[in-house]
There are 2 protein chains.
Amino acid sequence: MDVDAIKRTLEGSGLRCTPQRYAVMAFLMEHPKHPTAAEIFQAVNRLDPRSSRATIYNNLSDLVRAGLVREVAVEGRAARFDAKGMRHHHFICDRCGNVEDMEWYDVPKPASGSLGKRVLRECELIFRGLCTKCAPRHASR
Amino acid sequence: MDVDAIKRTLEGSGLRCTPQRYAVMAFLMEHPKHPTAAEIFQAVNRLDPRSSRATIYNNLSDLVRAGLVREVAVEGRAARFDAKGMRHHHFICDRCGNVEDMEWYDVPKPASGSLGKRVLRECELIFRGLCTKCAPRHASR
DNA sequence: TGAACTAATTAGATTATATCTAATGTGAAA
DNA sequence: TTTCACATTAGATATAATCTAATTAGTTCA
Ligand SMILES: [Mn+2]
Ligand SMILES: [Mn+2]
Ligand SMILES: [Zn+2]
Ligand SMILES: [Zn+2]
């Protein structure tokens, strides 16, 4: 991914392109594996400049707020993060908690009557079950 | 809700009907407001018998594992729990994190090809946006 | 009945995750 | 250069959930 493209993406959302923020965004774009904050922290600090834990969390929440990154809450585990590239759904493994991308398809929106005065931002479709690695141990355990 | 019905529900899932487990299940069925573990802990302990925090968590995970209760992870907040009664979707407020029930409708399943060797258990549709209480402060802030 | 076995509960310690604080640094603009 | 808002930092703190080891309760069966 192009350095300037990331820079423009950040600035287009009103976020300064600091080295730390750039590192988080670039890492997420290059590693669409839904890393946790702790994994991002380790990865971006393998190279300079060093980012503190607080900065990782601050920047992640800035990026989520700006709509550039999606946060995926997984029951009983650390949240995972995902640069919003092409639209897609997620499959979350019941057993290992891994989050995997699934081909996108349109989701029918709720009847407007059932929304009342709520303001709908998005519909998220999550598939649950056993991932390829965990499915074999299905019967056992 | 009938005491015996809850008892039969638990035993039908292979779970002993202990006073503590009964209290959790009954509370969830009587209060379909998606309480957190801490809220359940407080509520069931207002009456005897007293349940410890560990027991609340143990029983919640037993109930989830048995398929009687659904756990809803909300980013940055405590998990919420929901007795599985009638099928429904959820609306989660971006601002206050509240989880609200939404009328159920059928969700198109993924093309079987895109599942690969994964084993699908369920499709969960989550709506996000601002709840009725938070929507008015929309423009401001 | 009552041993023996198993499941469940308990208090409190511990872990994991995330946020807060207050001091310091940085860069753009005036 | 001064100023100011934004950003970063280390470490403390808060919150959520799990673990541990001891105990209690329920079940089975001789
Ligand atoms: Mn993804
Ligand atoms: Mn519900
Ligand atoms: Zn898995
Ligand atoms: Zn709200």
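On a predicted model such as this, the values are computed, not experimentally measured, just so you know. Residue numbers begin at 1 in each chain, while the letters A, B, ... track the order of the sequences.
Nearest-nucleotide mapping onto DNA chain D: of B/S61 and A/P19, the residue sitting toward the 5' end is A/P19.
Here the side chain of B/A54 is nearest to one of D/dT9, C/dA11, D/dA16, namely C/dA11. Out of D/dT8, C/dA18, C/dT9, the shortest distance to the side chain of B/N58 is found at C/dT9. Closest to the side chain of B/T55, out of C/dT9, D/dA12, D/dA17, is C/dT9.
As a whole-Å value, the separation of B/L15 CG from C/dA8 P is 7 Å. The distance between atom CG of A/D62 and atom C1' of C/dT19, rounded to the nearest whole Å, is 14 Å. Following rounding to the nearest Å, B/R53 (CZ) and D/dT20 (P) show an atom-to-atom distance of 15 Å. At whole-Å resolution of the value, CD1 in B/I40 and C1' in D/dA17 are 14 Å apart. Between A/Q20 atom CD and D/dC6 atom P the separation is 17 Å, expressed in whole Å. Atom pair B/L10:CG and C/dA7:P shows a separation of 17 Å (rounding to whole Å applied). A straight line from CD of A/E11 to P of D/dC6 spans 15 Å, rounded to a whole angstrom. Separating the CZ atom of A/F41 from the C1' atom of D/dA10 is a distance of 10 Å, rounded to the nearest angstrom.
At a threshold of 4.0 angstrom between heavy atoms, the contacts of B/A38 with the nucleic acid are absent. As judged by a 4.0 angstrom heavy-atom cut-off over every strand, A/T18 is placed among residues touching the sugar-phosphate backbone only. At the heavy-atom level, B/T36 lies nowhere under 4.0 Å from the strands shown. The residue B/R50 sits close only to the backbone: its heavy atoms come under 4.0 Å of sugar-phosphate atoms, none of a base.
With a 6.0 Å radius and a threshold of 12 heavy atoms from other residues, nucleotides or ligands, B/E103 has its CD atom at or below the threshold. Within a 6.0 Å sphere centred on NZ of B/K84, heavy atoms belonging to other residues, nucleotides or ligands number more than 12.
For the pair B/R21 and C/dA8, the criterion of a side-chain N or O lying under 4.0 Å from OP1 or OP2 is met. Note on B/Y57: every side-chain N or O is 4.0 Å or more away from OP1 and OP2 of D/dT18.
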What pairs of nitrogen or oxygen atoms, one from the protein and one from nucleotides 26-30 of chain C, lie under 3.5 Å apart?
none

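Shortest non-hydrogen contact noted between A/R80 and A/G97 is NE-O, 3.7 Å. Looking at every heavy atom in both residues, B/D101 comes nearest to B/P32 through OD2-O, 4.4 Å.
By the 30° and 60° cut-offs, the orientation of the rings of B/H31 relative to B/F27 is parallel. In this structure, A/F127 and A/H89 have perpendicular ring planes: the angle between them is above 60°, well past the 30° mark.
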Query - Worked verdict on B/H88 versus B/R70 for side-chain contact (heavy atoms from CB on, under 4.5 Å) - result: CA-CA 11 Å; B/H88 59 275; B/R70 163 149 69 157; 3.7 Å; yes

